[in-house]
Amino acid sequence: MTVAPRREDYDVVVIGAGPAGLAAAATSAEAGLTTLLLDENIGPGGQVFRAISSTPVTDRNQLGADYWVGADLVQSLRASSAEVIPRATVWSLDRNLDIAVSIGGASAFVKAKRVILATGALERPFPIPGWTLPGVMTAGAAQTMLKSSALVPDGRTVIAGQGPLLWLLAAQILRLGGRIDRILDTTERGNYLAALPHAFAFLTSPYFAKGLSMMREVKAKVQVVSGVAELAAAGDGQLASVSYVAGGRRETIPADLLLLHQGVVPNVNLAMSAGVEHRWDDLQLCWSPVLDASGNSSVAGIAIAGDGAGIGGANAAVVRGRIAARAAVDALAPAAAARLPAMATLRADLAKAERGRLFLDTLFRPAPQFRIPSGDTIVCRCEEVTAKDVLDSVAIGATGPNQLKAYRRTGMGPCQGRLCGLTVTELMAQARGKSPQEIGYYRLRAPVKPITLAELAAVPKSEADVKAVVRG
Amino acid sequence: MTKNVDAIVVGGGIHGCSTALHLCLAGLKPLLIEKDYAGRHASGVNAGGVRQLARHVPEIPLSIRSMGIWEKISDLLDDDCSFESYGQVLVAENEEELAICRARVAELNALGFTHEELIDAAELRRLVPAVAETCPGGVVSRRDGAANPAQTTTAFRRKAEQLGATVREGVAAGNIRHRDGLWHVDVGSDTYAAPVLVNAAGAWAGKIAADLGEPVPVETVAPMLMITSRVPHFIDPVVILRGRKLSFKQFKNGTVLIGGGHLARPYQDRNETVLDWKSLATSAQTVFELFPVMRSAAIVRAWAGIEAKMKDDIPVFGPSSRHKGLYHQFGFSLHGFQLGPGAGAVMAELIVNGGSQTRISDLGIDRFHPITL
């Protein structure tokens, strides 16, 4: 069944039903604004609370208490008047706040007075030799299978990388009876020292105690190798082994599955395609939108909340969602804003939720050799472009990612740079002795997610076209 | 301090880059100024059609001149520009359209042009097997084809620089003025002077002309294009329609480019365009009807490039009607890419020799202004 939006115009359209989007839509609707929440998954929750309404995992301990917080958010959304459409893929947003969305194979167009983007995060590319082999996947993909279908690995499994989500995934796999043979921790040793000045704030963060006990839980059951400085996957058409260097020693272990993860970065595609200005974040090593304290972007009427606004985690995402929605209410229905929590209160909540972030960002800042590949390592999977290909193009005059398209088609495949964009920017910056900010990023274009020609052909035409046909 | 060069070319599209290169070949040392980077706008993001087919008669000689250069583009640029020549086919969807095609080919033949050839349904099917059965014929220009526009513009820029052109990218040409017999142009904190100035600034050229006292009826437009996911190879030539706005090209890698001149809204000052999906839906509908094989293909990206369109749809090309040493090369009105190589060659001839064997007299700016030079 196809559920089309009930209206053509909304006060607020929220895109993405993760923590930020759920909170934003509920807040906006509670204040009486006509609110539409669009999300491409089959149920609300985003990645953090994936399948929160439908997961087959019933033992609450297995996914952890933090996961089930999502149920409360969904509850308050359902209690509000917000219109929610799942399986709705927004494929275009422009600076006039016109939105094109694909729902069940048919496209609809809606217009908003305010748009709150809550499109969350993507996993950072992890371009090591062999990362495109079958049998190598991202930790996020493994977690999706675990949450939606309770599927866990049973073959020889290696997890490599770093960051809080890596440990969370490992704990979840073990609790559900999955197999992990070894964890290869790629955290740079120097990062511990660099992060130390920020440790006090982290000690008072809610993530601290939970993170520590989770790592203990995992380390009790799995061999963990720290200080991994080199990593490669190998196999003939299928992953067969993982080799790594730690403490100056190289080791190769057989493996059926390699799960890679080195943190998440804002999912910027929709915001960038709408013309929102982004800046290079030199600590988080990614593009982040330029926002004011209420989450408003450089495009009038577009606000961004959640990890898409800069990685802050689920707790911060919820508060940022409320702040962005409150700003929308302030602008569109000031009288109703009085019923909402004061902005000052929300900002204090945000500061609390963001406590310790600097520590995590510093500690888990991925090492250059895992971000900037060399030689035959694939950079762009869609067009099979290697690091050497990129450097060769730089040598004959490609100055940035958009010029590189003319030489190598990088970023022009179906993923629109999601899997190669950061790598290309950093690789070209290094080769040209410039900063990533100077090198820039792909200009991104709608459709941000592909739609079929048949679907586009079925779109109601503009008035002029209809008239032209009528006149014959 | 003012730096002296032989010529200043404003605009790093295919036209500016080609003119700069041909000036180098004639022994001059030009300066090329591009406010963004070469090929940033229409020249780098157009459909890449290398087309003599269906052109306005006044620009056909320039187009034919250009075709000769395209066919040896590797010799000129040390880059094949991904140029391929499988012809371009204009499809008539009914007898009425075919009659118009017949008259057009007869008109061209009477003028001495033979590159367009009327074809019947059987030949159309041979060239474009996937086209709908109902189409009765059309016109083919067999030497036509397509190239990669960004690769081509970049190759012209690179070769010009190798042969001695100075290329300044990322800074706009400012404060253009004529003093003591020379054109002076500021580029950031530098000033350049030359006896010759070429206005090849695309969508920004109309303002330069107007500021120099030669306003012309020009508007800024942004024709939209979209590209599909890879589909099995099914078509070689570029296809355009007689009656509806559509151009259609399948690349070697299987992706299909769909264009035809539906317009986005340009935001020229921001280098931005906002697409009109309801118009793109019209293109999708046309492809849906004509090429059933395309129905399940995915649209992966759509975009538009900013360019200048003249009211009479033909470019402004040739010397100024008011100023010595000023030349115009803009307003190519959605069909300038194929003309780029030839236009640069002819422009260099005009500058160096004072004239060209290639007939361009109907393209001058004097069609809008009486000559006061």
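Everything numeric in this text was worked out from a predicted model, so none of it was measured. Proteins get letters first, then strands, A, B, ... in listed order; numbering begins at 1 in each.
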*Per-residue contacts, residues 395-404 of chain A versus chain B, heavy atoms under 4.5 Å*: Ile396(A), Asn402(A), Gln403(A)
*Say whether His41(B) and Asp36(B), considering side chains only, have a donor N or O and an acceptor N or O under 3.5 Å apart.*
yes
*Cationic N near anionic O, under 4.0 Å, Asp9(A) to Lys111(A)*: no
*Hey, what do you get for CD1 (Ile99(A)) to OH (Tyr10(A)), rounding to the nearest 0.5 Å?*
10.0 Å
*asked:* How long is the straight-line distance from CG of Leu38(A) back to OG of Ser102(A), given to the nearest 0.5 Å?
replied: 11.0 Å
*Hey, which of Glu97(B), Gln285(B), Glu289(B) is the one that makes side-chain hydrogen bond (donor to acceptor under 3.5 Å, both in side chains) with Arg244(B)?*
Glu289(B)
_Partner chain B: residue of Met412(A), Glu455(A), Lys405(A) with the largest heavy-atom pair count (under 4.5 Å)_ = Met412(A)
*asked:* Need one label for Gln416(A): side chain, backbone, both or neither, based on atoms under 4.5 Å from any heavy atom in chain B.
replied: side chain
*Side-chain donor-acceptor pair present, Arg114(A), Asn296(A), cut-off under 3.5 Å*: yes
*Leading residue by heavy atom contact count with chain B [cutoff under 4.5 Å; candidates Arg409(A), Glu383(A), Arg443(A), Lys449(A)]*: Arg443(A)
*With only heavy atoms counted, which part of Arg157(B) is less than 4.5 Å from chain A, the side chain, the backbone, both or neither?*
neither
_Proximal component of Thr154(B), with respect to chain A [non-hydrogen, under 4.5 Å]_ = side chain
_Side chain, backbone, both or neither of Ala100(A) within contact of chain B (heavy atoms, under 4.5 Å)_ = neither
*Heavy-atom distance under 4.5 Å to chain A: side chain of Arg301(B), backbone, both or neither?*
both
_Pairing donors with acceptors under 3.5 angstrom, does anything connect the side chains of Thr425(A) and Trp280(A)?_
no
_Would Leu93(A) and Leu117(A) count as a side chain to side chain contact (heavy atoms under 4.5 Å, CB included) here? Give the steps._
CA-CA 10 Å; Leu93(A) 165 69; Leu117(A) 291 180; 3.8 Å; yes
_Gln162(B) atom CD: more than 12 heavy-atom contacts under 6.0 Å_ = yes
*Per-residue contact mode, Tyr37(B) against chain A (heavy atom under 4.5 angstrom)*: side chain
*asked:* Could you walk me through whether Leu290(B) and Phe248(B) satisfy the side chain to side chain contact (heavy atoms under 4.5 Å, CB included) test, starting with their C-alpha distance in whole Å, then the side-chain angles of each, then the deciding distance to 0.1 Å, before giving a yes or no?
replied: CA-CA 11 Å; Leu290(B) 239 56; Phe248(B) 191 84; over 6 Å; no
*Among the options Ala406(A), Ala446(A), Ala454(A), pick out the one with the most heavy-atom pairs lying under 4.5 Å from chain B.*
Ala446(A)
*Is the backbone N or O of Thr220(B) less than 3.5 Å from a side-chain atom of Gln268(B), with the two atoms forming a donor-acceptor pair by type?*
no
*Pick from Asn148(B), Leu275(B), Val274(B) with the largest number of heavy-atom pairs that fall under 4.5 Å of chain A*: Val274(B)
*Does any heavy atom of chain A fall under 4.5 Å from the side chain of Gln151(B), the backbone, both, or neither of them?*
both
*Heavy atoms only, distances under 4.5 angstrom: which of Tyr407(A), Trp91(A), Phe109(A) has the most pairs with chain B? Name it, please.*
Trp91(A)
*CD (Glu219(B)) with more than 12 external heavy atoms under 6.0 Å*: yes
*Under 3.5 Å donor-acceptor, Gln338(B) side chain and Trp70(B) backbone*: no
_Under 4.5 Å from any heavy atom of chain A - which part of Ile227(B)_ = neither
_More than 12 heavy atoms from other groups under 6.0 Å of CZ on Arg87(A)_ = no
_If I measure from the heavy atoms of chain B, does Cys382(A) come under 4.5 Å with its side chain, its backbone, both, or neither?_
backbone
*asked:* Between Ile451(A), Asn96(A), Asp94(A), who has the most heavy-atom pairs with chain B when the cutoff is under 4.5 Å?
replied: Ile451(A)
_Counting only non-hydrogen atoms closer than 4.5 Å, can you tell me which residues of residues 429-440 of chain A sit against chain B?_
none
*asked:* Is Asp98(A) close to chain B through its backbone or its side chain, or both, or neither, when contacts mean heavy atoms under 4.5 Å?
replied: neither
_Using a 4.5 angstrom heavy-atom cutoff, name the option from Glu161(B), Glu169(B), Arg158(B) with the most pairs to chain A._
Arg158(B)
